[in-house]
Number of protein chains: 2
Amino acid sequence: MSNLTDPEKKILQAAKQVFEAYGYTGARMQQIADTAGISKASLHYYFRSKEKLFDRIFEETMAEFIPLVSTWEESDNNWEVKLSGFITAFFTFLRRKSMLFIIQEVNRDPGLLAARKKDGKTKKNRFIAYFERLQLEGKIKHIDTRTLYIFLHSLCAYPILNSVIFKMNLQLSDKEYEHYMQDYPTMVAEFLIENIKNKNKSK
Amino acid sequence: MSNLTDPEKKILQAAKQVFEAYGYTGARMQQIADTAGISKASLHYYFRSKEKLFDRIFEETMAEFIPLVSTWEESDNNWEVKLSGFITAFFTFLRRKSMLFIIQEVNRDPGLLAARKKDGKTKKNRFIAYFERLQLEGKIKHIDTRTLYIFLHSLCAYPILNSVIFKMNLQLSDKEYEHYMQDYPTMVAEFLIENIKNKNKSK
DNA sequence: ACTTTTGCTGACCATTTGGTCAAACCATTC
DNA sequence: GAATGGTTTGACCAAATGGTCAGCAAAAGT
């Protein structure tokens, strides 16, 4: 992997950092250059424009989601284990507050997802597919899988996205909130599992 | 109320619209002036600087939250009704995607909440207080109220914040998603109520 | 009627910002 | 060691942007 030259790597790392911290409109090419330890002219030598550089970063960030998606097919663990695994992985992923970055930029320019929308049209959402199968097999309750999908994502993502305000409203310091969040994924997993597993296990 | 001159109202309305759509760094004073139908010089005549104008908008948006908070004290409905009412109201509030605006700006400049943090230190979160009381009265299960608070907010806010990506991943059109969302608050309410009400009602 | 105050604006300014370019730099090849 | 070709940068540019100001117009005093 990584057929990138050394300066390219440094630039992409710096750009990611600056774009995520300040957003597209707030990010400055000079700051990216400084962070990467090169001149602004060099920055433009490697990546023609701010927009081109941004697109690259955005695509890379989106691409990081892909490994997460495959959880539902690999291994033949039971669904409880898979769900717990997904939540933990998703949570770790979300820690690097890239999700705010994505939501922010997608709302600024919905065209950023145009390419991916076509992709989505063909193949069905793997989570939905997996849980619908579980329902057919009678392994979980019959609830709307879309709702389950939304609940799962909401419970994982929002506490990190909205951490600043949660801290304020719950009167928790950074340390306290972080400590609280250590157990959080497990709580979400247990909560969801408890709510969807089939109670009348008449065997 | 409203001891504001006509141009002030127009400016605030325009500014809110532009700031929410583009964020602080992306918003342009010229565009705010255009939207308000006045010159840029006039804009500066009424609000000295971009930052001053922004602070005003931010404060106003935050202030809209306050009416929501009082739900837990008024009326003597039972908690199920109160919770349902809160969810519906919260959801309506969130529709005007101001929440993304707030999270975005708070992450850009955490100092925006400095004033409010002091406020929070004194009085206890009303939701927490109310539900802790319910627990003492044995009306609901004994679960961590902070977690309940986070679950509630996450389930309400995230589906709206992240609507663009949910639409993509669930392959729903704008109309379909909107239609789905009509029933959503009720689902959240039922789901939460079912999970926290005390089962062993030995009476 | 005229003076003063207030509201409003076109023209202008200083700074910032994305982007360019000629020249310098440096490693490799001949 | 000169020629070559890729890399790097200081200096520079045009456009955009937040902000100012003298002056005009319309109320508001008097």
Side-chain angles (χ1 to χ4, degrees), chain A residues 2-61 101 104-112, chain B residues 1-61 101 104-109 111-112:
Chain A
S2 174
N3 48 356
L4 294 174
T5 65
D6 192 61
E8 280 173 330
K9 279 186 216 165
K10 278 196 294 186
I11 290 172
L12 289 172
Q13 192 189 328
K16 179 161 192 171
Q17 191 182 315
V18 174
F19 276 130
E20 284 190 5
Y22 300 93
Y24 178 78
T25 55
R28 300 294 165 230
M29 292 299 269
Q30 186 63 61
Q31 194 182 351
I32 295 174
D34 291 348
T35 306
I38 56 167
S39 71
K40 201 179 58 166
S42 277
L43 181 55
H44 278 89
Y45 173 79
Y46 284 102
F47 298 89
R48 300 228 157 185
S49 68
K50 187 182 183 183
E51 210 178 328
K52 289 256 172 60
L53 179 55
F54 173 82
D55 285 347
R56 177 69 172 270
I57 299 297
F58 184 82
E59 285 307 312
E60 264 175 36
T61 306
F101 169 68
Q104 210 171 283
E105 302 307 330
V106 156
N107 273 277
R108 180 182 58 87
D109 175 14
L112 286 169
Chain B
M1 192 204 153
S2 176
N3 49 356
L4 294 174
T5 64
D6 193 60
E8 280 173 331
K9 281 186 214 163
K10 278 196 294 187
I11 289 172
L12 288 172
Q13 192 189 329
K16 180 164 189 167
Q17 191 182 314
V18 174
F19 276 131
E20 283 190 4
Y22 300 93
Y24 178 76
T25 54
R28 301 291 164 228
M29 293 299 269
Q30 187 62 61
Q31 193 181 353
I32 294 173
D34 291 347
T35 306
I38 58 167
S39 71
K40 200 179 59 166
S42 276
L43 181 55
H44 278 89
Y45 174 78
Y46 284 103
F47 299 88
R48 302 227 158 185
S49 68
K50 186 182 183 182
E51 210 178 328
K52 288 257 172 58
L53 179 56
F54 173 81
D55 285 347
R56 177 69 172 269
I57 298 298
F58 184 82
E59 285 307 312
E60 265 176 36
T61 306
F101 170 67
Q104 212 170 281
E105 302 307 329
V106 156
N107 273 277
R108 179 182 59 87
D109 175 15
L112 286 169

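Bear in mind the structure is a predicted one, so any value in this text is a computation, not a measurement. Chain letters run A, B, ... following the sequence lines, proteins first, then strands; residues in each count from 1.
- Residue contacts shown for B/A27 are limited to sugar-phosphate atoms, with no base heavy atom under 4.0 Å away.
- Remark: side-chain polar atoms of A/K50 are paired, donor with acceptor, to backbone N or O of A/A27 under 3.5 angstrom.
- Residue B/R28 has no polar side-chain atom (N or O) positioned under 4.0 Å from OP1 or OP2 of D/dA16.
- Side chain of B/Q31 to main chain of B/R28: no donor-acceptor pair is present (N/O by atom type, distance under 3.5 Å, no hydrogens or angles).
- For A/H44, the side-chain atoms get nearest to C/dG19 when compared with the rest of C/dG19, C/dC21, D/dC21.
- Distances shorter than 4.0 Å separate none of the side-chain N or O atoms of A/Y45 from OP1 or OP2 on D/dT8.
- Within the cation-pi definition used here (under 6.0 Å to the ring centroid, within 45° of the axis), B/R108 qualifies as a partner of B/F54.
- The distance between atom CD of B/E51 and atom P of D/dG18, rounded to the nearest whole Å, is 12 Å.
- For the pair A/Y46 and D/dT7, the criterion of a side-chain N or O lying under 4.0 Å from OP1 or OP2 is not met.
- Atom-to-atom, NZ of A/K50 to P of D/dA16 comes out at 14 Å; the value is rounded to the nearest Å.
- Taking 3.5 Å as the limit, the base of C/dG18 and the side chain of A/K40 contain a donor-acceptor pair of atoms between them.
- Within 6.0 Å of CD in A/E59 there are more than 12 heavy atoms belonging to other residues, nucleotides or ligands.
- Listed nucleotides: D/dT8, C/dT9, C/dT20. Nearest to the side chain of A/S39: D/dT8.
- Look at B/S42 and you'll find a side-chain N or O under 4.0 angstrom from OP1 or OP2 of C/dT9.
- Between B/M29 atom CE and C/dA14 atom P there is a gap of 20 Å when expressed in whole angstrom units.
- Rounded to a whole Å, the CG atom of B/D34 is 12 Å from the P atom of D/dT17.
- One can place CD1 of A/I38 at 7 Å from P of D/dT9, the figure rounded to the nearest angstrom.
- Residue whose closest nucleotide on DNA chain D sits further toward the 5' end, between A/G37 and B/Q30: A/G37.
- Judged by distance alone, with hydrogens and angles left aside, the side-chain atoms of A/E105 form a donor-acceptor pair with the main-chain N or O of A/Y24 at under 3.5 Å.
- Spacing between atom CZ of B/R48 and atom P of D/dT20 amounts to 8 Å, rounded to whole angstrom units.
- The distance between atom NZ of A/K52 and atom P of C/dG18, rounded to the nearest whole Å, is 16 Å.
- In this structure, CD of A/Q31 is placed 15 Å from C1' of C/dG18, rounded to the nearest angstrom.
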